[in-house]
Trainee: 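Let me give you the structure first, and then I'll get to my questions.
We name chains A, B, ... by the order of the sequence lines, and we start the count at 1 in each one.
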Amino acid sequence: MNFFRKWAFASAAAVALAAPAQADTTYNIASLADFTGPYADVMKDLAGSRHSAVAWWNAEVGKELGVTLAIKDYDHRYDAAQVASLWPGIKAELNPIIALGVGAPDATALAGRLPSDGIPLIMSTAGYGFGWKPDPWVFNPRATYAHEAAAFFEWYRKEKGIEGPLKIAVITSEASPAYVDIGKGIEKYAHGATDQVELVEMVFTEVQPTDLTTQLNRVLKKGAQVIDVQTNTAAVVAAKRALQALGRSDVPIVMSSHNGITASARALGGMAELEGDYEVYGMAMPTDEATEPKKFYDKLKADYAMQGAWTVPTVMGLNQTLVALRAIEAAAKKVGPDKVTGQAVRDALLSNTITSAQTFGVLSDVTYTNEAPFPTSGITVNVGTVKDGKYVTAADGVAVPTIEKW
Amino acid sequence: MSEVLNYMINGALVGLLYSLVAMGFVVIYRASKVFNFAQGELVVFGGFLVWWMVVSLGLPLWIGLPLAFVLAALFGLLIERIFFSRLVGESVFAMVMVTIGLLILMRGLILLLFGPQVRPFPIIFPLQPVIIGDILIPRALLIGGIITTVVGFALSWFFNKTRPGLKLTAVAEDHQVAISMGISVKRSVAFAWVLGSVLSTLGAIIYLSGKSLSFLASEIGIAALPVALLAGFESIAGVLLAGIIVGTIQGLVTAYLDPVVGGSVGMVFPMIVMLLILFIRPTGMFGWKTVERV
């Protein structure tokens, strides 16, 4: 009996001594989401990919570092007022070292207070010109929509062997500051790259256009060779119907991620409707091709309870989460696993390049500077299209040109 | 010159579409003196009914569209039964507040029933535009304009020449007086909501044919507002004229001022014109003049 008692005591002591070496420091991530607002339909994919990416990181990276991450969703209905009212509670409850946002309401409500709270926010979308300010605490993993469109214009012009500048028309709306910003950015780019593009007209329309036949007829008469629609799917549908009505299948539409090919095809009633049209953005495209990002997604699906399907919102969730995770990783290595703070994570974002390999090809190399909340150089975009009714990659790794600040 | 004509014709046709939606405002206002803030939501709901019948259930247009109209009528009746039949005799303010509540409720209901996804709306009218020389007219808007004109004159005749229509007009004058004359105000109000709901569904069909449908389509309610205000809320035929005026101005401003100014002046300008007219004539162009007898 005495022997057993001694043995049990010795075993307990050994476990107790070993315990500190194995104990992880747990940090929290605030996951801002929209389960009941306008993006409720895609939130399962976006939030699901955040959770599975964190699970992967905990198991394969954090374990070695001695760091565990917990993530909690907060439904803000894509409403800036709701974000502002939720935020004090999130801070008190979670004390997060980083937050993941959905879109403009998060940035609008929190940009002013994040520096004093010491918590960086990583968005899932491309950036905006109005957010182009120094000392950022809100970060976008992609350059602005205008940067992405500019990369497409230059690629398309070269691809088609167009001698003079590519004539473009932009369909936008004043319904949202983000939509206006896309137009302004493209305008700025066009002014500085007259050898590459000629902006024939910027068409302002309603958020749900009544009819674009007259406007499209006008810009086609001016020689537009590409129609840029980076606002919403309703505008893509209206532009497509106008082109069909005018019998012009030779002029493609270029879309972005949030209103891209799969979303717009659903709104039009089929993928074939967008034959020969394009989408462009600085992250992986969820096509059926066997790419590195798809392999990573399959791994998350098989081993880490990935809830989202292989869609654009899933990739958006992955891109922001991977940037956040790699920044936390770099911070933990720099300051020690038990000393990670929001400030340390921000410092890591600004002092490290997150390589494409670190994001399994979901993003190109991402380097932040103190001058902008998004990467402005050394980035690339991918171009998707519909070929023979199938959603495929048209080009990857297309360089993004430099655009002056607007 | 042909370009100006093109913008004017297209603008007028868009304006007639606004007139159709504005007729929904007017018929409800005429029967109950209520400005229905949820008019845009009625359009969206009507649109979703069409989508449900034609796209989701796969019914042919000749069955799906009439069924959508029947369901829209029933929905209009339901709204009146649940909310407005209890408010006869109450203040106009109370009823207007209920329409704001209805707007919020309908947004939630649409999201609950159909979800927030953008849906493909069936192609009701052919896409190919009508081309006359240099003038290009979108076919859906042209057919819509003809339907709106016919409906507008038919409703105008109904309200001004037929016995049931004149009863509704009496209800619009004063609920208490109408009751004292043996006219059923509740039945009149119910009819107005049924008609308003059916007109909204017709508006959705013309507006959305071949396009996409989401709750954002309710914006047409706001676009139709200056038309209803300019007409004066009481005249159906006046709504047609107001629609043509607003649409033509909007078309010309969008074509010639927007590219210069670089913004949605076309969307703001009708509001400015409307305000100017209302400063001069607060009852609108065709609003009833109330004669006070001492």
Side-chain angles (χ1 to χ4, degrees), chain A residues 34-43 77-78 172-175 179-180 183-184 187 200-222 232-247 259 263-270 273, chain B residues 3 6-7 9-11 13-14 17-18 44 55 108 111-112 115-123 126-129 131 134-141 144 206-220 222-223 247 250-251 254-255 258-259 261-268:
Chain A
D34 172 22
F35 291 107
T36 48
Y39 293 100
D41 59 325
V42 299
M43 206 40 56
R77 304 178 213 151
Y78 205 71
T172 187
S173 168
E174 290 207 327
Y179 295 166
V180 177
K184 278 186 179 171
E187 211 164 36
V200 298
E201 191 180 323
M202 180 109 63
V203 178
F204 284 92
T205 182
E206 308 99 311
V207 69
Q208 171 100 21
T210 310
D211 191 276
L212 291 176
T213 316
T214 312
Q215 291 91 327
L216 263 290
N217 189 42
R218 188 171 68 222
V219 298
L220 291 175
K221 276 184 176 173
K222 291 178 186 173
N232 59 14
T233 49
V236 172
V237 172
K240 192 70 207 172
R241 291 300 186 213
L243 287 169
Q244 287 172 342
L246 295 163
N259 67 334
S264 297
R266 264 199 305 273
L268 271 158
E273 298 269 356
Chain B
E3 198 179 75
N6 203 359
Y7 292 129
I9 292 169
N10 281 292
L13 291 175
V14 171
L17 172 61
Y18 295 160
V44 175
V55 180
L111 283 171
L112 196 71
Q117 297 94 325
V118 181
R119 314 277 184 174
F121 199 83
I123 301 172
L127 289 174
Q128 286 69 32
I131 299 168
D134 288 339
I135 296 166
L136 183 146
I137 306 167
R139 199 174 291 260
L141 288 181
I206 296 165
Y207 173 37
L208 298 168
S209 173
K211 302 201 182 69
S212 58
L213 170 65
S214 75
F215 64 93
L216 291 173
S218 63
E219 297 233 333
I220 190 117
I222 303 294
Q250 191 178 34
T254 304
D258 267 2
V261 181
S264 304
V265 192
M267 286 154 80
V268 179

Trainee: If you count the non-hydrogen atoms of other residues, nucleotides and ligands that lie under 6.0 Å from CZ in B:Arg139, is the total more than 12?
Mentor: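 Enclosed: over 12 neighbouring heavy atoms sit under 6.0 Å from CZ of B:Arg139.
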Trainee: My understanding is that only residues two or more places apart in sequence, or in another chain, count here; which of them pass salt bridge (Lys or Arg N to Asp or Glu O under 4.0 Å) with B:Glu219?
Mentor: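 Salt bridge (Lys or Arg N to Asp or Glu O under 4.0 Å) list for B:Glu219, sorted by chain: empty.
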Trainee: Can you tell if the side chain of B:Ser214 reaches within under 4.5 Å of the side chain of A:Gln208, non-hydrogen atoms only?
Mentor: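 Counting from C-beta outward, B:Ser214 and A:Gln208 do come under 4.5 Å.
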Trainee: Please classify the contact between A:Asp211 and chain B as side chain, backbone, both or neither, with a heavy-atom cut-off of under 4.5 Å.
Mentor: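 Both parts, backbone and side chain.
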Trainee: Which residues pass the ring-ring contact (aromatic ring centres under 6.0 Å, His included) test with A:Tyr179, not counting sequence neighbours?
Mentor: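 So A:Tyr179 forms no ring-ring contact (aromatic ring centres under 6.0 Å, His included) with any residue.
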Trainee: Pick one of side chain, backbone, both or neither for A:Glu201, based on which atoms fall under 4.5 Å of a heavy atom in chain B.
Mentor: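 Only the side chain of A:Glu201 comes within 4.5 Å of chain B.
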Trainee: For chain B, find which of A:Gln215, A:Met202, A:Glu206 contributes the most heavy-atom pairs closer than 4.5 angstrom.
Mentor: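 It is A:Glu206.
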Trainee: Counting heavy-atom pairs under 4.5 Å to chain A, which of B:Leu208, B:Ile123, B:Leu17, B:Thr254 comes out on top?
Mentor: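 Greatest number of close heavy-atom pairs with chain A: B:Ile123.
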Trainee: Heavy-atom distance under 4.5 Å to chain A: side chain of B:Ala140, backbone, both or neither?
Mentor: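 B:Ala140 has no heavy atom closer than 4.5 Å to chain A.
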Trainee: Between A:Glu273 and A:Arg241, does any side-chain N to carboxylate O distance fall below 4.0 Å?
Mentor: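 Yes, A:Glu273 and A:Arg241 are salt-bridged.
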Trainee: If you tally heavy-atom pairs under 4.5 Å against chain B, which of A:Glu187, A:Arg218, A:Arg266 wins?
Mentor: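 The residue among A:Glu187, A:Arg218, A:Arg266 with the greatest pair count is A:Arg218.
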